[in-house]
A.B. asks: 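Starting off with a structure, shown below.
Convention: sequence-line order gives letters A, B, ...; per-chain numbering from 1.
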4 protein chains.
Amino acid sequence: MSTTLISLKLDSDIPLYEQLRNQIVLGIATGKLQPQEKLPTVRQLAEELGINTMTVNKAYALLKQEHYIVIDRRHGAKVHAHPGKAAIDEEAADQLEQKLELMIAEASLQGVAADTFYNLCARIYSRMNIQKA
Amino acid sequence: MSTTLISLKLDSDIPLYEQLRNQIVLGIATGKLQPQEKLPTVRQLAEELGINTMTVNKAYALLKQEHYIVIDRRHGAKVHAHPGKAAIDEEAADQLEQKLELMIAEASLQGVAADTFYNLCARIYSRMNIQKA
Amino acid sequence: MSTTLISLKLDSDIPLYEQLRNQIVLGIATGKLQPQEKLPTVRQLAEELGINTMTVNKAYALLKQEHYIVIDRRHGAKVHAHPGKAAIDEEAADQLEQKLELMIAEASLQGVAADTFYNLCARIYSRMNIQKA
Amino acid sequence: MSTTLISLKLDSDIPLYEQLRNQIVLGIATGKLQPQEKLPTVRQLAEELGINTMTVNKAYALLKQEHYIVIDRRHGAKVHAHPGKAAIDEEAADQLEQKLELMIAEASLQGVAADTFYNLCARIYSRMNIQKA
DNA sequence: GTGGTCTAGACCACT
DNA sequence: GTGGTCTAGACCACG
């Protein structure tokens, strides 16, 4: 993983560990991080980013819990082998719908029409190398 | 406003004032709260929800700052008259794109295909009474 | 006084009585309200603006206290005869300086250069019919 | 930051959190607070000033929202790096003009001539270390 | 140790 | 009656 993938904003409202988690998720979805690819060790990544190892640790633990990565004692952390394999559970689906609903509501009230919103989605999809589930 | 509109989860990781803000935004976007409609007073809502007035106050202040509602000294808080009037600024557009990108990435990795995602969007749009700007 | 002079924003952060006071002060400074000119009665103005008489009353009392108007029991409220006559007292001068200092500070931090600021002042002066003191 | 920078008037009609915000803005504009400089912690400042932490918190939140300061989760609040970078938006410009108009009107009616007013501005500008944008 | 959130209860300004 | 402000003191999330 080239570290240029990760850029943290220290003064963001989003916690560092969450920014880190988000960017790794994005990396996986876009194919910049390949299935089975080895991630840097907690210590390496922490040093490169200039942040606390605890913070990286928390991000990795979260990613593991969400099945985005697997942690192997012998080889460290690796991207999960089968992206999209885990069928979406009902809870995650609900949460997705709620978040999307709020986002669409906000966009609409700011004057973003449905067409514009769909176009934006399409643009995002096209620039992601979405892995077939 | 029927209070059934609002339901707070006390054990959520989203702050109460933000949950409140989100649900009011949703109420406006879906037309359950009409433009110019009067919102409950800070005290009323706080009592009904069993939370502190300061918490409601913070939510109202946030909504006011975002121009979702206006505060009339004589009659309390009201839904803003012109939903969708305020043109989206560049910063908000960027933020929308980033949030949407992450959401699409997560959905994809959970096996939600683009088609499914678009259908979900369509369903959300159809149940909102999007106000013409 | 033509009432078109006054326009209140019911949802402003500035109290109604203060908005009213400000606009009358502006009217006097720009010459739209002439020295000795009779102001509407409290009741008239309140009705025209659709606000409470107490609010108008408070504005008039404030203007009287600041010597912008005089209140004559027989003829109601009138604009003070000698605008600019009352020499500025030290307290008012201090207050002016502090307010101006804060305003200049904010403007500067928002990227308004001194030149731009002076131009703005000049424009304001030119569109006021400043009465000779 | 030397605390002598801040002096609150408990009996003022300006809220404490706003006085605090104003004085910090002034400190930044005058260069007494340098870009990137660390501000006292919420607790420290509250104790020094003898006020509640929530009040300081509110002032900091306001300054953050206005982009005067940034909050770094690791080290607390700091003065923003680029003073004057954010271009003034139309709304802020309008508000500045209105406030300045009222101020000039009041000054004129108190016998402050245009020359005197310009001199006052010049004095204020000269004692500020206006940062180049 | 930092800021962020929340509570219970009080007082004030505005209309 | 409304929202706005402030306090004292508590707990939590983040790093």
A.B. asks: To the nearest Å, give me how far apart CZ (B:R73) and C1' (E:dC12) are.
C.D. replies: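 Atom CZ in B:R73 sits about 12 Å away from atom C1' in E:dC12.
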A.B. asks: Convert the base pairs of DNA chain E into dot-bracket notation, remembering that pairs crossing earlier ones are written with [ ] and that bases paired across to another strand are shown as |; include only Watson-Crick or G-U pairs under 3.5 Å.
C.D. replies: ||||||||||||||.
A.B. asks: Quick check: do A:L100 and B:L100 have side-chain heavy atoms less than 4.5 Å from each other?
C.D. replies: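 With C-beta onward as the side chain, the pair touches.
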A.B. asks: Do A:L5 and A:Q23 make a side-chain contact, defined as non-hydrogen atoms from C-beta onward lying under 4.5 Å apart?
C.D. replies: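 A:L5 does not reach A:Q23 side chain to side chain.
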A.B. asks: Do B:Q44 and B:T41 have side chains that get closer than 4.5 Å, going by heavy atoms?
C.D. replies: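 Answer yes - side chains close enough.
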A.B. asks: Without swapping roles, check the side chain of D:R73 against the backbone of A:D13 for a donor-acceptor pair under 3.5 Å.
C.D. replies: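 Indeed, once roles are kept as given, a pair shorter than 3.5 Å links the two residues.
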A.B. asks: Between D:Q19 and D:I14 (side chain of the first, backbone of the second, donor and acceptor by atom type, cut-off under 3.5 Å), is there such a pair?
C.D. replies: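 Looks like yes, one N/O pair under 3.5 Å.
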A.B. asks: Between A:M54 and D:P15, which has a closest nucleotide on DNA chain F that is more 5'?
C.D. replies: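 Upstream on the strand: D:P15.
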A.B. asks: Quick check against the 3.5 Å criterion: does B:E48 have a side-chain atom that pairs as donor or acceptor with the backbone of B:L45?
C.D. replies: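 No, the answer is negative, given that no donor and acceptor are paired below the 3.5 Å cut-off.
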A.B. asks: Go nucleotide by nucleotide along DNA chain F from the 5' end; which of D:R43 and D:G50 gets its closest nucleotide reached first?
C.D. replies: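 The answer here is D:G50.
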A.B. asks: Starting from the 5' end of DNA chain E, give me the residue, B:Y17 or D:Q44, whose nearest nucleotide shows up first.
C.D. replies: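 First, find each residue's nearest nucleotide; the 5'-ward one identifies D:Q44.
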A.B. asks: Please give me the minimum heavy-atom distance between C:L16 and C:L10, naming the atom from each residue.
C.D. replies: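 Heavy atoms of C:L16 and C:L10 come nearest at CD2-CD2, 3.9 Å.
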A.B. asks: Between C:I14 (CD1) and E:dT15 (C1'), how many Å, whole number?
C.D. replies: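 Atom CD1 in C:I14 sits about 17 Å away from atom C1' in E:dT15.
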A.B. asks: Name the first nucleotide and the last nucleotide along DNA chain F (5' to 3') that come under 4.0 Å of a heavy atom in chain A.
C.D. replies: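 So the outermost contacting nucleotides come out as F:dC14 to F:dG15.
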A.B. asks: Does B:D13 reach a base, just sugar-phosphate, or nothing at all? Heavy atoms under 4.0 Å.
C.D. replies: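 Since no nucleic acid heavy atom lies under 4.0 Å of B:D13, the category is nothing.
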A.B. asks: Please state whether the phosphate of E:dT15, meaning OP1 or OP2, lies under 4.0 angstrom from any side-chain nitrogen or oxygen of C:K58.
C.D. replies: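 Answer no for this pair, as no side-chain N or O of C:K58 is under 4.0 Å from OP1 or OP2.
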A.B. asks: Look at all strands and tell whether C:I51 reaches a base, only sugar-phosphate, or nothing, counting heavy atoms closer than 4.0 Å.
C.D. replies: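 If one applies the 4.0 Å heavy-atom cut-off, C:I51 turns out to touch nothing in the nucleic acid.
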A.B. asks: Counting distance only, does the side-chain N/O of B:Q36 pair as donor-acceptor with the main-chain N or O of B:K78 below 3.5 Å?
C.D. replies: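 Flag not set: sc B:Q36 to bb B:K78 has no pair under 3.5 Å.
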A.B. asks: If you take all heavy atoms of A:A107 and B:L96, which pair is closest and at what distance?
C.D. replies: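 Smallest heavy-atom distance, with atoms named: CB-CD2, 4.2 Å.
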